[in-house]
Structures are given as C-alpha cells and as structure tokens.
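Okay, structure first, notes after.
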Amino acid sequence: MPSPSRRTFLKTSGVLAASSLVEGQEASANDRIRVAIVGCRNRGHEIASAFLATGQFDIATLCDCDTAMFDRALSKIKGDLPNAPAQEQDFRRVLDDPGIDAIVNATPDHWHALMTIMALDAGKHVFLEKPASYDVADGKAMMAAQAKHPRLSVLVGTQQRSGAHFREAREFIQGGGLGKVAFCRAWITSERKFLAAKPDTAPPATLDYDMWLGPAAARPYNETRVHYNWRFFRDYGTGEMGNWGAHWLDIVRWFLDLGYPSSVAGHGGVFVCKDAKEWPDTQTVVYQYPELTVLWEQRIWTRFPLNGEKFGAEFDGEKGALIITRDGWTFYPKEGEPQRHSETELDKAHARHFADCVRGDAEPVASMQDGHVSAALCHLGNISVTLNRELRFDAATETFLDDKEANALLTRKYREPWSLPA
C-alpha cells in the first residue's frame, strides 16, 4: 500500500511523470491514483469503468452499505482490475485508509455533503456525483470544507464540461456566434417507468439500513425507496431537477457565465404519473436574469421529446439559435443552412481531467463552487414549485427575500448522531 506521503508525492514529483502522459497511455503502477468507489449500485461502477479506461487509476476499494452490490459492481466494471478491490461496508473505514488518494462519492443525494466534507477532512480528493448537494445549506457547508483544504480537489460529475463538443459550443457562444442571448431552455422530456408502491418490510440482511439512511429521517425500510429509486423521494433525492437539471442548467450557466437569478417562478406537480414517486412529473421553472430568461421544462411521462431530444439545452440569440445535446450541437443561423457538429466522449475525458486535478496539473472545470451554484438552481426551482409561487433571491446571502417559509426549505434537520460541521 502507498505510504501516507503518497498524496504529497502526487502533488510534487508525480506531476513530472503525469505531464508526459497522453490519451490512451497508462501511468506506471506507482503513479496511478488509488481510488475508492463509494456507492456501487449504478453510477459508481460506471465511473470506475471510465477511470480504468484512462490507465491512470487503480480501483483499490469498493464501498457500499449493501454488500450485495459488490458482486454486481464487479460484474459490470469494464477494464483490467489487476488486483481484487477491497470491500468495505462502512465508508469511514475507507477514509481511515492512508493508501486511498481519492474517493468517488456516488451515494444518494442526502449523503453528498457529509461524506464529501469528511473525505476532505481525511485528506482525500473527491469525485462528487451530481447534484453536488441535497439542499443549499449542504452546499454552503461543502464550500466551507473546500476552503479549508485548498490543496485537495473536488470535481463534480457534470462530465459534459469535459466534452470537446460542449467546450466548442461554449467557445462559439462566448465568441459572439449568437450575438446577444436573451432566452435559454433546458429540459427533460422522456418517459419514466411506473413505480408501484410496496409495503414496508424488514431490510435485507446484506444492507446496513441505518447507515443507508444516514442523516435522513428514520422510517421503516421499503424496497421501493432505495437503490436507484431513491432519487424520486424527497428524503433522499432531489427529483429530476437534481438528476437532469443539474446537468443541463449547469450547461446554461457555464456557457453564459451565469450566477444566481434575481427571481425564480415554478409550477407543476404530479399530474400524470400517479405512482409511488413523490417529486413532480411535470415541472416548469422560469429563472430571471438581467435581460435573459432561462426556462426549465420537465415532463417524465411523454414519448414526444422536445426538439426531438429527451435532454438538452437551447440558446436563442439575435444571430440565431443553438441546440446542444450529448449527440452534438447545431447552430441554426437566421439565414442559411443549419451547421451541425458531432458528439464527443464525456466520461473518460472527465476521468482524465480528475487525474490531472489530483496531480495538481489542472483546476477543476466543474469545481465545488460550480457544483454548488448549479445544484442550488435546482433546489430553488424545486422550492418554488413546492410553494407554487414566484420567489425573489438574494445572491449575496443565498436566501430568499422576505419569505420565511421558502428559506426554511433551504436546509434540513440532520438525524442524530450525524450533523454538519458548525
């Protein structure tokens, strides 16, 4: 196992070795970054595969509070695992391991803040799945933790920021290709499976359910609410806004260098998918900026995707419009034919970028600050829809103006013994 000084080595002499690496070339075993995957059910094993494809990481440990996930993850990880990863059920033992350089935090949203803060305090770099936070208070606490550990990198898993065609489209807009942009739209228009309600039961023997709940409120185990489905329940997830809004509202922000809006007005509810899901199936949110309107559209029951795409972002300017998806981007000029640009790879590019960040060769393209603000836009939209009214927001204090009810929804009560740092 690497010595406790390995992290310092990666920041200094290891940089020289990393600087000579090119895409597709593997680092030597001594230079590879030892990473633990925390949360193996879905996104964790996908990220592990992307990490292995770069040749710059060793997957040292798999961690999940459900031990049944270990065999599942191992069966799905694509790439060479020269050594069988260790298996841990309690993430705190991972943080205590001096041989781990970084963790992938692929847990449900309600665990993002506390686990990230504890990892930074333990000296670990963090690859943090989106949305960065469960609520605005969590995000602010994570920002404070990052400030305490400036030599450690947090890269949010908004991998679109590492895609070459996303960077190309951003450069086109920032170079004046659309002229003044006055309207943007981000969306998910797709069809989610029906989620049937089931009775509470005892948790399976493989699951440490108390650990899975963590800071969330205590309630009986129900298989409908765990694993992938947690994102549709308010105690653990942030709905489709946190799931896909965190990607596409982030792109709108990044392309136009946007911060917080002055107001947010959302409407929606459970109109069609009347099943076990708690978050809205239909949601429209308007974010107002100076001379710019940003619209979020969400319909998770339709087979008719907006602009022919299930997910994406649209930018409308005085010179034309630009639509971008993971399949590429197209510029529609006011005169002439559309100009189409092909898709590029995202996950491996983001993994390579994380390696550069850990070694000190790059600043995160999706930093903790970026993740915090993009996630907060999702939270503001969810709050406005929950209250069914327009809200004014103060960017300086990160609070709503003259609205105690709305401000109460910016935070939550942690279940003992878990708590955010003061």
Side-chain angles (χ1 to χ4, degrees), residues 109 130-131 157-161 163 165-166 169-170 172-173 178 181-193 231-232 237-256 258 260-261 263-273 277 279-289 292-317 320-332 338 340-341 343 346 366 370-371 373-386 388 390:
D109 299 351
K130 57 77 201 164
T158 44
Q159 66 268 30
Q160 293 173 166
R161 288 193 179 215
H165 77 274
F166 282 91
R170 180 175 186 260
F172 176 80
I173 290 176
L178 291 180
V181 177
F183 176 84
C184 298
R185 183 201 325 259
W187 72 87
I188 172 176
T189 48
S190 184
E191 188 174 31
R192 285 287 187 184
K193 292 181 180 179
R231 68 186 68 254
F232 303 117
T238 49
E240 290 293 4
M241 284 220 73
N243 187 30
W244 282 104
H247 278 305
W248 293 107
L249 288 172
D250 178 71
I251 288 301
V252 171
R253 283 194 55 248
W254 185 44
F255 279 19
L256 299 181
L258 298 176
Y260 285 119
S263 67
V264 54
H267 301 280
V270 180
F271 297 157
V272 179
C273 300
K277 300 184 192 76
W279 284 106
D281 62 5
T282 306
Q283 187 156 307
T284 302
V285 181
V286 176
Y287 301 90
Q288 194 59 52
Y289 293 86
L292 171 68
T293 296
V294 174
L295 177 67
W296 166 256
E297 291 190 45
Q298 172 182 316
R299 294 178 291 283
I300 59 171
W301 43 263
T302 182
R303 296 186 180 183
F304 301 98
L306 182 65
N307 290 325
E309 297 286 349
K310 294 179 180 180
F311 325 100
E314 172 188 339
F315 300 81
D316 290 276
L322 184 150
I323 294 176
I324 188 163
T325 71
R326 291 187 175 180
D327 295 329
W329 64 280
T330 303
F331 171 50
Y332 297 90
R340 305 185 188 280
H341 303 258
E343 66 182 298
L346 308 177
D370 295 318
V373 178
S374 292
L377 257 63
C378 301
H379 305 324
L380 302 188
N382 278 338
I383 292 170
S384 181
V385 170
T386 298
N388 194 33
E390 183 175 2

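Below, each value reflects all heavy atoms present in this structure, side chains not excepted, and no hydrogens, waters or symmetry copies.
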> Roughly how far apart are Asp316 CG and Leu178 CG, rounded to 0.5 Å?
Replying inline: 8.0 Å
>> Run Thr302 and Glu191 through side chain to side chain donor-acceptor pair (under 3.5 Å) and show every step you take.
In response: CA-CA 5 Å; Thr302 182; Glu191 188 174 31; over 6 Å; no
> Is it true that Asp370 and Arg161 make a salt bridge, defined as a side-chain N closer than 4.0 Å to a carboxylate O?
Replying inline: yes
>> Just so I know, are the side chains of Gln283 and Met241 near enough to count as touching, which here means a heavy-atom distance under 4.5 Å?
In response: yes
>> For the backbone of Gly237 and the side chain of Trp279, can you confirm whether one donor and one acceptor N or O come within less than 3.5 Å of each other?
In response: yes
>> Can you confirm whether the side chains of Glu314 and Asn307 place a donor and an acceptor under 3.5 Å from each other?
In response: yes
> Below 6.0 angstrom between ring centroids: does that apply to Phe172 and Trp329?
Replying inline: yes
> Is it the case that Gln298 and Thr282 place a side-chain donor and acceptor less than 3.5 Å from each other?
Replying inline: no
> Checking side-chain contact (heavy atoms from CB on, under 4.5 Å) for the pair Glu343/Phe166: CA distance, chi angles, key distance, verdict?
Replying inline: CA-CA 9 Å; Glu343 66 182 298; Phe166 282 91; over 6 Å; no
> Does a side-chain heavy-atom distance below 4.5 Å link Leu377 with Leu258?
Replying inline: no
> Thinking salt bridges, do Arg192 and Asp281 make one under a 4.0 Å N-O criterion?
Replying inline: no
> Where do Val286 and Glu390 land on the side-chain contact (heavy atoms from CB on, under 4.5 Å) test, with the steps shown first?
Replying inline: CA-CA 9 Å; Val286 176; Glu390 183 175 2; over 6 Å; no
